[in-house]
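A note on names: the letters A, B, ... follow the listed sequences, proteins ahead of strands, and every chain is numbered from 1.
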Amino acid sequence: MKTPARILADQVNRIQKSGRFSPRSASLPTWCPGCGYFGIHQGLNDCISRLGLPLAEIVTVSGIGCAGRYPFFSNTYGLHTVHGRALPAATGVKLANPNLTVFAVGGDGDGLAIGGGHLPHIARRNIDVNYLLFDNSIYGLTKGQPSPSSPIGTKTKASPYGTVDKPLNATLMALSYGASFVARLFAGDPKGITEALIEGVRNPGFSFFHIYTTCVTFDKNFKTWTHLKEWTHALSQDYNPNDLRRAFNEVLNDDFSLGVIFKRDI
Amino acid sequence: MKTPARILADQVNRIQKSGRFSPRSASLPTWCPGCGYFGIHQGLNDCISRLGLPLAEIVTVSGIGCAGRYPFFSNTYGLHTVHGRALPAATGVKLANPNLTVFAVGGDGDGLAIGGGHLPHIARRNIDVNYLLFDNSIYGLTKGQPSPSSPIGTKTKASPYGTVDKPLNATLMALSYGASFVARLFAGDPKGITEALIEGVRNPGFSFFHIYTTCVTFDKNFKTWTHLKEWTHALSQDYNPNDLRRAFNEVLNDDFSLGVIFKRDI
Amino acid sequence: MPEVDFTVEVCGMAGDGTIAAGGLINEAMSLGGFSVLGFDSYPAEIRGFGRCVTNSRIGSNDIVALGEKTHALISLNDEQSRSRAPFLAEHSLVFFDSNPPAYVSEDNSLLSVLPPGEEVFGMPFGELAVGASGSSRGRNLTALGGFAAVTGTDPNLFRKVIRDKFKSKGEKVVNINVKSFDAGYQYALEKFSDRLKSVFPKIETGHDPQKVTLSGNQAIGMAAIDAGLKLYFGYPITPATPIMEYLAKYLPEHGGRVVQMEDEISSIGAVLGSFYAGARSMTATSGPGFALMTELITHGVMAEIPAVILDAQRGGPATGLPTKTEQSDLHAAVFGGPGDSARIVIAPTNVEECYHFVIRSFQLAEKYQTPVIVLTDFFLDNRVENRPFIRASEGQAASWNVFPDDAFKDRYQRYADTPSGISPRALPGMQGFNFTATGLEHTEKGSPDYSSENHAKMSEKRHRKIRYALKDLEKPAEFFVSDNLDVGVIGWGSTFGSVLEAVEKSRKNGFKVGALKITSLFPYHSETIKAFMAKSRRVLVPELNYEGQLANLIAHLDSKPVERLNFVTGAPIPPSAIQNRIEELLEVVA
Amino acid sequence: MPEVDFTVEVCGMAGDGTIAAGGLINEAMSLGGFSVLGFDSYPAEIRGFGRCVTNSRIGSNDIVALGEKTHALISLNDEQSRSRAPFLAEHSLVFFDSNPPAYVSEDNSLLSVLPPGEEVFGMPFGELAVGASGSSRGRNLTALGGFAAVTGTDPNLFRKVIRDKFKSKGEKVVNINVKSFDAGYQYALEKFSDRLKSVFPKIETGHDPQKVTLSGNQAIGMAAIDAGLKLYFGYPITPATPIMEYLAKYLPEHGGRVVQMEDEISSIGAVLGSFYAGARSMTATSGPGFALMTELITHGVMAEIPAVILDAQRGGPATGLPTKTEQSDLHAAVFGGPGDSARIVIAPTNVEECYHFVIRSFQLAEKYQTPVIVLTDFFLDNRVENRPFIRASEGQAASWNVFPDDAFKDRYQRYADTPSGISPRALPGMQGFNFTATGLEHTEKGSPDYSSENHAKMSEKRHRKIRYALKDLEKPAEFFVSDNLDVGVIGWGSTFGSVLEAVEKSRKNGFKVGALKITSLFPYHSETIKAFMAKSRRVLVPELNYEGQLANLIAHLDSKPVERLNFVTGAPIPPSAIQNRIEELLEVVA
Ligand SMILES: Cc1ncc(C[n+]2csc(CCOP(=O)(O)OP(=O)(O)O)c2C)c(N)n1
Ligand SMILES: Cc1ncc(C[n+]2csc(CCOP(=O)(O)OP(=O)(O)O)c2C)c(N)n1
Ligand code: SF4
Ligand code: SF4
Ligand SMILES: [Mg+2]
Ligand SMILES: [Mg+2]
């Protein structure tokens with residue numbers, strides 16, 4: 001029988017075999033087997049390995065949520081703060097010791113609902129924090145309620161007749177806040193994540209990574225692996241991420257093009 | 001001698017003479033003589049008079065700030081809540097009794113800093129609240145600190161060497177949140193405010209009014225009457241507010257065009 | 001008929017149907033006429049690794065606390081069930097899957113950790129289910145069949161509750177599930193024919209139709225609906241989420257609406273806005289969310305706007321222990337927030353009170369125009385009781401709003417300083433009563449005024465009002481109280497059941513012990529509490545927190561030092577722990 | 001030399017230069033060798049309508065409380081000054097503008113409300129200023145000139161402090177201002193030659209160079225700088241804003257930075273982040289902002305991250321009375337937030353303590369790895385004192401960080417359960433000590449763990465640490481304490497000065513009265529407090545709040561009921577009110 005434990009073991013095995021293992025903590029991620037977060041984990045770990053950053057000089061800051069558990073699955077220093085407050089804490093960490101590389105990670109509830117008031121400000125202050133928004137359009141840890149990015153009609157226990165509110169577009173929001181680096185990515189493409197992260201870490205200011213991902217346990221309809229794979233695609237070859245107006249147009253015209261959407265000229 | 005009290009009395013006199021007095025409370029606004037808020041007051045009062053709304057069926061909700069004092073200067077029902085929470089309270093009021101016309105008013109600190117996390121959500125829920133953001137780019141009530149919309153280099157007691165953070169653009173933010181009605185206005189043009197308000201009140205959803213205004217006491221450099229008068233101008237004649245992409249372009253290209261920027265087709 | 005007091009646990013992984021099996025036991029036993037108190041726990045939050053445990057205590061008399069020792073354990077996953085072994089009573093019955101879906105090594109087997117003397121019953125749960133239904137999903141039901149057979153429970157009780165549970169899914173599903181149960185039942189009858197017991201005698205009176213099996217969360221949701229709730233604003237948080245989910249499902253058909261807000265601050269903001277505009281509304285949260293609400297709660301105090309806030313406590317501080325129970329938000333509920341901001345705080349002690357207190361909270365909020373905080377905790381929210389339960393009539397849930405007299409039109413003083421401190425409150429829409437509610441200090445009329453005289457006067461008015469509210473707040477209830485107690489035990493919230501059971505047992509041992517139940521935590525009935533303390537040679541306050549938060553509140557009422565018994569285990573206090581402490585104190589007294 | 005105890009008020013509208021004039025009086029008198037305690041208040045927040053009042057109490061002995069009766073009133077605006085008339089002592093000196101810039105009707109004149117017997121001095125403030133400087137802006141200085149002449153103050157004291165004040169604006173400005181002062185001085189010397197007094201004798205010893213005239217806010221800012229503050233995160237709020245403004249000006253030159261955040265939640269979030277990463281940082285706020293911080297404060301408690309939070313209290317609840325003083329956040333400071341979240345709370349009682357306590361708060365936060373809350377209030381923040389004041393040396397402000405031993409590299413337990421409860425703390429960047437700080441309950445290693453044993457153990461560890469901190473927390477200080485007191489008065493915060501003065505005066509009346517100053521509010525030295533209460537036949541706790549928040553905290557320590565004296569006037573408690581209450585209690589005792 002293919003038990004959950006078996007599936008998970010396979011998954012971990014695969015990651016281990018990839019050979020870039022060091023930034024992973026010894027304890028296994030407690031995410032559900034098949035969760036998109038494993039892909040982000042791999043993408044970020046590979047970024048760290050490839051940049052050769054010393055683990056003791058990295059701080060991974062998070063709020064609360066399945067995504068928020070990330071620091072426990074990483075061998076960097078970690079700061080698992082309260083729900084929604086990863087960005088203020090990350091601001092403090094970075095300003096206190098600018099030598100540290102700071103990653104902030106969190107879910108869409110953490111970052112767009114309770115913590116939604118902080119994003120405009122870290123962006124306008126252009127604090128050199130790399131923020132990975134794990135956007136699965138659901139509240140995973142609290143067992144499946146709609147999030148600010150859930151599409152209209154999302155049915156959950158908390159919305160048995162379907163949601164009625166328009167979803168928020170995190171990429172568009174980050175652009176409108178004047179973020180200096182904005183990328184849109186997909187958990188099913190860890191390589192793409194690694195590439196964009198490497199570029200973003202080098203951006204000497206706030207870098208925002210809007211990562212589409214899936215909650216295999218609580219979302220069987222919308223952001224499924226199947227859908228996301230079908231919907232997402234790379235930005236066109238001639239795309240120029242230095243042009244803010246073009247970035248806005250791209251995001252207004254296409255919800256699923258992936259890559260570095262905007263990068264302020266320095 | 002032209003004492004502050006005199007200047008104020010003149011100002012009040014002028015408003016009184018305008019003949020549309022009823023929505024004004026008997027007690028004089030305690031704003032500084034010359035404050036831009038008098039113009040907004042006139043604009044909103046005229047809107048109420050012209051729409052013939054019964055004062056007892058209007059609720060004016062605010063947070064804290066000079067702008068937040070608004071409800072005391074109005075004869076409608078008023079709810080003067082805490083700093084930054086006008087929008088959640090207004091949501092409660094409107095859903096509790098949909099017959100009421102609800103205005104939310106507040107400053108740029110109230111709405112973009114401490115309360116900045118609520119704007120995306122009232123917009124996406126499209127609650128039928130009319131929100132007037134009094135954007136003077138300064139914290140008035142607390143005696144002059146920079147606000148999230150202060151331009152780089154703003155010098156105040158709290159920023160004696162000038163601010164370094166990029167200002168936020170509230171109109172752009174409201175658009176990116178999917179607000180169904182967005183107008184940009186100027187306190188020096190109460191007529192324009194009245195016109196836009198009348199249109200916005202009729203919009204059966206969330207309507208956002210980004211109003212440029214001046215703090216004569218704490219901002220002698222940036223959003224002064226002189227500058228605002230010089231900088232602001234009407235949207236071009238052929239402007240079509242039903243086109244979201246055009247709205248974004250307008251706002252990205254011009255910070256000071258006034259009028260209804262966007263209006264979702266119903 | 002022998003007295004029954006039997007505790008059964010089901011333990012498995014998430015996905016094993018553990019919670020469902022426990023629920024069916026509760027329902028079946030309730031139908032059989034027994035008293036039941038059930039409680040589920042799920043330690044891990046992230047799925048895929050979760051151990052689920054249900055605990056059902058079944059008795060012929062009233063059950064007020066959770067069972068401490070388990071008399072039967074149904075293991076759906078042996079690796080997980082090992083953790084339950086220490087809680088087994090002597091000679092308990094252990095049911096396990098003799099052919100489990102996942103291989104469990106010898107070292108990790110359940111049997112290897114069982115104390116000697118337990119009676120074990122191995123059954124091929126999965127195979128039996130496959131045989132009955134074609135799928136192993138009914139493993140939990142075959143296990144129940146085994147349990148019913150061995151314990152001598154009337155199988156029709158189970159068949160009925162299984163049918164009820166699956167009714168909505170159609171006859172086919174119902175039959176498959178009953179068949180799975182029967183397969184287990186038959187198997188066990190035959191296989192264990194020489195070891196069958198008769199644990200659950202048929203109770204002659206049978207099922208009391210007024211007995212409803214209900215969790216605290218369900219009772220709270222029902223109460224809100226029966227109170228005519230118009231708006232629920234909330235943000236998901238364990239263990240309060242089920243209230244939102246219950247209301248999301250049932251409130252719309254009663255004309256109300258659930259709005260999931262962006263955070264707890266906006267939730268309480270919207271609740272205040274709705275009450276201001278005249279609609280009953282509420283929010284429920286847990287400690288971390290409650291902390292975020294305190295600024296606006298004090299706004300309700302100052303602007304005199306009603307609000308109902310339920311704090312479903314969990315382990316703290318901070319994010320703490322989200323799925324564990326604790327009574328450690330009392331300090332915050334009574335004292336959190338800036339300024340002299342007295343508000344009303346009440347705490348039910350059982351499921352029935354959850355229902356009645358929530359209804360009352362709307363009325364108190366309306367009459368006293370102030371936030372009312374209802375404190376529950378995970379153990380109370382998530383526990384199931386089957387007590388006779390009468391829903392409130394419309395009259396009993398009627399509005400307690402106090403509206404201004406028409407005579408005051410156009411000269412209305414929103415914050416009129418009356419003898420009770422209650423000022424009639426107008427609602428938007430009422431012509432001629434327009435006013436502005438404010439969190440600034442204000443005159444009777446409502447204008448900001450920071451003068452010394454005014455602040456002194458209005459502070460007095462607000463506190464007078466809260467003191468006055470005492471007359472509408474339930475008095476502490478005395479149990480077994482006589483003029484001279486050797487030990488008086490004071491309990492509150494979910495813990496009171498354990499207090500009561502401990503006191504009863506101590507009395508059976510011949511000791512002069514009494515109990516006081518405090519449900520009104522602020523303001524509180526100091527005279528009654530004082531009198532009880534005075535009557536008791538020793539006063540004991542058992543609580544599920546470290547700091548002794550109720551003890552801190554009332555310690556000054558008597559000159560004797562209060563004895564504290566604090567548990568910070570994340571689990572209900574076992575009655576025996578209280579009983580032991582009582583009897584230790586008695587030795588000292590003696 | 002006769003004893004001097006003289007109070008002078010300046011009152012005007014915003015824009016009249018009221019606060020500046022009051023400040024010059026404080027400086028001049030300090031230079032003259034007197035003790036000074038000054039306090040400004042500005043009731044209205046919105047400009048253009050604000051009444052400003054400064055109160056300076058000037059004495060030859062130490063001054064610890066504000067003056068109650070005004071001996072001289074300098075009115076820059078008669079309409080505003082009318083409100084000060086009730087506070088005038090008999091035969092006080094009243095200076096007013098005989099030709100005011102705005103017409104004041106007879107009904108609104110100051111003179112019409114003066115009690116009989118006051119000595120009035122009408123001077124054309126504005127005209128004199130125009131004559132001296134060409135502009136009426138120097139009105140406040142001509143008024144000071146009149147005051148100096150009539151009270152017989154050495155004019156050079158004023159000339160010197162005026163010069164110092166305007167020094168940075170160039171010689172021309174300095175001269176114009178000195179001229180305005182002189183114009184008033186000369187005018188009064190001549191005009192009132194028959195009524196000149198000699199209120200302020202020359203003090204032989206003259207000015208003590210160690211005496212610094214400093215406000216609470218300045219002392220706090222200086223302390224933060226002397227402690228090597230690296231980051232200040234804050235959000236404007238009255239009355240805490242001046243701390244941010246002070247640091248914004250001076251911190252950069254010491255290598256630090258002020259970041260105005262988007263709210264109070266992000267401010268405390270960033271403070272925790274910086275301390276986690278090893279930098280001293282702080283935030284200051286008032287009640288409403290403090291309430292918003294409580295969730296994250298308990299995160300500091302749970303994750304054991306240092307933080308320094310200053311709560312500059314104002315009138316509450318909610319937005320309350322932003323420019324009024326109150327001591328009503330004690331409940332929230334000690335008890336706010338979810339869970340058993342004991343933290344350190346300290347409260348200075350005067351300007352000097354503001355300085356030393358803020359420095360100490362960084363050290364306590366570092367050593368005990370927990371948020372430290374410093375409670376001040378508007379009266380303390382904004383009061384000016386001129387006491388001998390020695391800044392802390394670098395050593396005195398040294399880090400109290402406790403780092404792990406290199407031996408623990410690679411097997412580091414961030415939350416090791418040591419006897420003191422203090423676990424050595426690693427900082428990011430230290431190789432081999434990587435850990436994750438979390439607000440979930442966790443093992444010694446830092447992994448989430450909700451088991452009963454672990455939560456019990458770690459709760460005990462955290463509380464043990466806080467109890468242990470007592471040894472580094474200042475003990476309550478006794479004043480005039482003997483074995484048998486008739487009344488023992490307990491004071492805290494800005495109110496303690498009034499307590500001390502009242503006790504001294506009562507003792508002069510021959511009564512056996514003593515005082516206890518509590519500066520460590522949590523944890524507190526219960527044995528010392530208990531002993532003091534035991535020694536006192538009656539215990540009195542005067543506080544600037546309605547609920548008796550300190551009294552609530554300590555009432556259980558003694559079997560006698562605590563007498564409470566609560567003021568909710570938004571203004572400091574007058575010493576005489578405390579003295580009266582003491583003497584009333586004495587009658588009962590006698
Ligand atoms: C103040 C507060 N409110 C609510 C919660 C409960 N809570 C924990 S995680 C979470 C949301 C999880 O969703 P998301 O942020 O999208 O993360 P995911 O689990 O999907 O990764 C919520 C509401 C909390 N811990 N604290
Ligand atoms: C929780 C909280 N934090 C801070 C304050 C102090 N405060 C009052 S108004 C205000 C900002 C005022 O600026 P703005 O919102 O732009 O309004 P304006 O005065 O310019 O109209 C602040 C910070 C408060 N009242 N409550
Ligand atoms: S619940 Fe969803 S988001 Fe959370 S770990 Fe499981 S699959 Fe991932
Ligand atoms: S301080 Fe500024 S914003 Fe406030 S009333 Fe005066 S001019 Fe207007
Ligand atoms: Mg999510
Ligand atoms: Mg402003």
Legend entry - is_close_aromatic(Tyr37(A), Phe134(A)), centroid dist under 6.0 Å: yes
Legend entry - Part of Phe233(D) within contact of chain A (heavy atom distance under 4.5 Å): side chain
Legend entry - Contacting region of Ile268(D) [heavy-atom separation from chain A under 4.5 Å]: neither
Legend entry - Ring centres under 6.0 angstrom apart (His455(D), Tyr450(D)): no
Inset, instruction - Please determine, among Ile58(A), Val61(A), Thr76(A), the option with the most heavy-atom pairs under 4.5 Å with chain D. - result: Thr76(A)
Legend entry - Region of Val82(A) in contact with chain D, defined by heavy-atom distances below 4.5 Å: both
Inset, instruction - Classify the side-chain pair Gln145(A)/Thr142(A) by whether it contains a donor and acceptor separated by less than 3.5 Å. - result: yes
Inset, instruction - Could you go through the side chain to side chain contact (heavy atoms under 4.5 Å, CB included) check for Glu304(D) and Arg414(D) one step at a time? - result: CA-CA 10 Å; Glu304(D) 304 199 37; Arg414(D) 165 64 188 95; 3.7 Å; yes
Legend entry - Structural part of Phe275(D) lying under 4.5 Å from a heavy atom of chain A: neither
Inset, instruction - Look at the rings of Tyr415(D) and His442(D) and say which category their plane angle falls in: under 30° parallel, 30 to 60° tilted, over 60° perpendicular. - result: tilted
Inset, instruction - Output the option from His118(A), Lys94(A), Glu57(A), Arg85(A) having the highest count of non-hydrogen pairs under 4.5 Å with chain D. - result: His118(A)
Inset, instruction - Let me know if Leu95(A) has heavy atoms under 4.5 Å from chain D in its side chain, its backbone, both or neither. - result: both
Inset, instruction - Answer yes when Arg125(A) and Glu262(D) have at least one side-chain N-carboxylate O distance shorter than 4.0 Å, and no when they do not. - result: yes
Inset, instruction - Return yes if some donor-acceptor pair links the side-chain N/O of Arg264(A) with the main-chain N/O of Gly178(A) below 3.5 Å, else return no. - result: yes
Legend entry - Heavy-atom pairs under 4.5 Å with chain A, option from Pro428(D), Ser447(D), Pro448(D) with the top count: Pro428(D)
Legend entry - Winner by heavy-atom pair count (cut-off under 4.5 Å) against chain A, out of Met261(D), Arg280(D), Met302(D): Met261(D)
Inset, instruction - Determine whether the aromatic ring centres of Phe73(A) and Trp31(A) lie less than 6.0 Å apart. - result: yes
Inset, instruction - Check each atom of Ser281(D) against the heavy atoms of chain A and say whether the ones under 4.5 Å are side chain, backbone, both or neither. - result: neither
Inset, instruction - Could you look at Thr81(A) and say if it's the side chain, the backbone, both or neither that has a heavy atom under 4.5 Å from chain D? - result: both
